[in-house]
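Below you'll find the structure, written out as structure tokens, and then a few comments.
Just so you know, these numbers use all the heavy atoms, side chains as well, and skip hydrogens, waters and symmetry mates.
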Amino acid sequence: MGRFSWSRLVDVTGFNKGDYIMADNQQMWKDLGMNLEMHDMLCEVLPGAIGDVFMSQENRPAAMDYFDMVLADVHGLRPAELVEFRKNGGKVFGTFCAYVPDEVIFAAGGIATGLCAGSQFWVPGGERYLPANTCPLIKAMLGARFDKTCPFYRLADVYIGETTCDGKKKAYEILGTDVPLHVMDLPQMKREKDYLKWADEIKDLIAVVEKTTGNKVTEENLAENIKKINVKRAALERLYKLRRNECVPISGTDTLLISQIAYYDDPERFATMVNKLCDELEQRVADGVSIAEGKKRILITGTPMAIPNWKLHNLVETSGGVVVCEETCTGTRYFENQVDESGKTMDEMIQNIANRYMGINCACFTPNTARADDVIRLAKDSKADGVIDVNLMFCQTYDIEGRSLEERLKAEGIPFLGLETDYTDNDAQQLKTRIGAFIEMLG
Ligand code: BJ8
């Protein structure tokens, strides 16, 4: 077993353990109107999952302590900060997609927090509102809200949706009956007019955050927050580049956790902690320390893996593989490409933000051939032995794109495995067998 220890955390992270860990989460959850009985059931399974998935890994970097702490108290630590923020008049915005620009929310003095839901626990609750043949991520979103078992869903003053896949669009209509919700109309093509259109949508978002927070987005605070979020992206980029080394200094499972936490942690603290981890990983690389001697290097692409969905990474990394890159929204799509910081006027800055986000290659766009370009580039850069394309069940856009992706990778001589799964463990054994056979085939 690994060496996670609460007592070391305060020194390592600067978090005041007394303030947060010992805080009366139960009271906070009650004040947030949560269903405590049901929430207790969710809390019961988390320590076991952390032990099985994370603590069972050998030779983890010491600086994972911070991320372990955030995870272990995932419904206490950050929510307590957000509760405090709201007590002082602050507004929290819940987001669901990598296209939503955090910059403008922070510029207005708000806080953006991810709301994507990655647990089967929330799926039955979502099925009360949605057809069973809907993507589990969407069902879990509704279950988390309506079952009242996630503090982030209770905390967010306004939800920011987006017109990506059909399932999400229709789910936002249902969520919007229960909570203030603003939907951004994301173009689905990448012509010049679509870039202008996204800038226009960002202007509408600015109006919403200004109205909600009562604060103006100015040239000054927008420029400052463009830089702040760029720093966070740069930290993640640094982390991902370190995984390209022959000596793999960190597991894919640990990196996935970090990418998931990126969506809701304080951006500045998060960047600091990722850079601290990277310092340690650089030393590991210099010392020739690898957590993956003799393992096959795998790039994972496909649908996002919202917290606490660690299923595929865990299966790959307990079957002779190591995940060295994720071309997903809980991976490179989240942080690749910075917002150009040279904009001076409000219009220039907004267009620069729009340009950066329109550079994300999600399967809800047509055509989306640039995603395959990204996968090929990243597979080469990370020296991947093979690519696994993971599709969440009933996600049509990624499912359909899997075929052309496979053809492109085959043409490049990159081994490919396509998998479809959901949030349950029903198929774990079958997936393990297929992943094991794929890894064996890699030689
Ligand atoms: S930018 S991937 S976060 S839309 S919800 S599309 S899995 S059927 S999440 Fe996404 Fe933004 Fe694109 Fe990224 Fe499929 Fe499910 Fe829809 Fe999904």
Side-chain angles (χ1 to χ4, degrees), residues 98 233 236-256 258-259 281 285 290-305 310-337 359-363 365 367-392 395 397-421 431 434-443:
R233 291 192 193 102
L236 284 164
E237 179 98 46
R238 185 180 168 207
L239 171 62
Y240 271 61
K241 281 197 172 143
L242 280 160
R243 300 164 78 197
R244 295 178 179 174
N245 284 287
E246 289 299 339
C247 290
V248 185
I250 184 167
S251 70
T253 308
D254 280 341
T255 313
L256 174 62
I258 294 166
S259 295
L281 300 187
V285 171
S290 177
I291 52 99
E293 287 294 344
K295 294 196 170 172
K296 290 293 162 196
R297 302 170 71 97
I298 303 295
L299 179 146
I300 287 186
T301 181
T303 45
M305 296 169 182
W310 312 299
K311 183 174 170 179
L312 246 292
H313 280 64
N314 184 244
L315 287 171
V316 169
E317 297 197 325
T318 54
S319 304
V322 59
V323 180
V324 288
C325 187
E326 296 84 13
E327 191 282 321
T328 64
C329 287
T330 37
T332 55
R333 274 182 238 141
Y334 182 68
F335 65 78
E336 276 203 323
N337 306 318
I360 299 170
N361 296 313
C362 175
F365 277 77
N368 190 40
T369 48
R371 176 169 158 239
D373 299 339
D374 287 345
V375 174
I376 291 165
R377 168 179 55 84
L378 291 163
K380 288 180 180 169
D381 287 350
S382 56
K383 303 173 200 76
D385 297 300
V387 166
I388 300 183
D389 181 27
V390 187
N391 191 54
L392 273 176
C395 175
T397 53
Y398 280 88
D399 196 8
I400 293 169
E401 214 167 89
R403 189 187 158 95
S404 55
L405 183 63
E406 180 171 9
E407 280 167 8
R408 289 282 313 274
L409 289 174
K410 275 198 178 143
E412 293 285 331
I414 301 170
F416 174 93
L417 174 68
L419 297 174
E420 185 167 71
T421 188
L431 288 173
R434 290 188 65 195
I435 292 167
F438 179 66
I439 288 173
E440 221 177 287
M441 191 253 327
L442 296 174

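Under a 4.0 Å N-O distance rule, the pair Glu317/Lys295 does not qualify as a salt bridge. In this structure, Arg233 does not pair ionically with Glu237, as no charged nitrogen and carboxylate oxygen lie closer than 4.0 Å. A salt bridge links Arg408 with Asp373: the distance from a Lys NZ or Arg NE/NH1/NH2 to an Asp or Glu carboxylate oxygen falls below 4.0 Å.
A pairwise comparison of heavy atoms in Leu299 and Ala379 identifies CD1-N, 3.5 Å as the closest pair. Nearest heavy atom pair, residue Asp385 against residue Leu442, reads O-CD2, 3.4 Å. Taking both residues in full, the closest heavy atoms of Leu392 and Glu420 are given as O-OE2, 4.3 Å, listed atom of the first, atom of the second, then distance. Contact detail for Val316 and Ile388: the closest heavy-atom pair is CG2-CD1, 3.9 Å. Ile298 and Phe438 make their closest contact through CD1-CE2, 4.1 Å (heavy atoms, listed as atom of the first residue, atom of the second, distance). When all heavy atoms are compared, the tightest approach of Arg243 to Val323 is NH2-O, 2.9 Å.
Under the rule for a salt bridge (charged side-chain N to carboxylate O under 4.0 Å, His left out), Glu440 has no partner lying at least two apart in sequence or in another chain.
Between Leu417 and Asp389 there is no side-chain heavy-atom pair separated by less than 4.5 Å. Using a 4.5 Å cut-off on side-chain heavy atoms (C-beta onward), Leu239 and Leu281 make contact. Side-chain contact between Lys311 and Thr421: present, with at least one pair of heavy atoms (C-beta onward) separated by less than 4.5 Å. Side-chain contact between Ile300 and Met305: present, with at least one pair of heavy atoms (C-beta onward) separated by less than 4.5 Å.
In this structure, Arg377 places its CZ atom where more than 12 heavy-atom neighbours from other residues, nucleotides or ligands lie under 6.0 Å away.
Checking Glu326 against Tyr240 by side-chain atom types alone, a donor-acceptor pair falls below 3.5 Å. Side-chain atoms of Thr301 and Arg371 form a donor-acceptor pair, as typed in the model, at a separation below 3.5 Å. Side-chain contact check for Tyr398 and Thr328: no donor-acceptor pair (N or O, by modelled atom type) lies under 3.5 Å. If you check the side chains of Thr332 and Glu327, you find no donor sitting under 3.5 Å from an acceptor.
Between the OG1 atom of Thr369 and the CG atom of Leu405 there is a distance of 11.5 Å, given to the nearest 0.5 Å. Interatomic distance, CZ of Phe335 versus CG of Asn337, reported as 10.0 Å (0.5 Å rounding). Taking CZ of Arg434 as the start and OG of Ser319 as the end, the distance is 13.0 Å to the nearest 0.5 Å. Between Ile400 atom CD1 and Asn368 atom CG the span is 12.5 Å, to the nearest 0.5 Å. Taking CG of Leu256 as the reference point, atom OG1 of Thr330 lies at 5.5 Å (rounded to 0.5 Å). Atoms CD1 and CG, from Ile435 and Leu315 in turn, are 5.0 Å apart once rounded to the nearest 0.5 Å.
Between the Asp374 side chain and the Leu378 main chain, no donor and acceptor come within less than 3.5 Å of each other. Not one N or O on the side chain of Arg333 forms a donor-acceptor pair closer than 3.5 Å with the backbone of Ile360.
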Can you list, pair by pair, the side-chain donor-acceptor contacts under 3.5 Å of residues 244-251, counting residues two or more places apart and other chains?
unit_1	atom_1	unit_2	atom_2	d
Asn245	ND2	Leu242	O	3.0
Ser251	OG	Gln57	OE1	2.6
Ser251	OG	Asp254	N	3.0

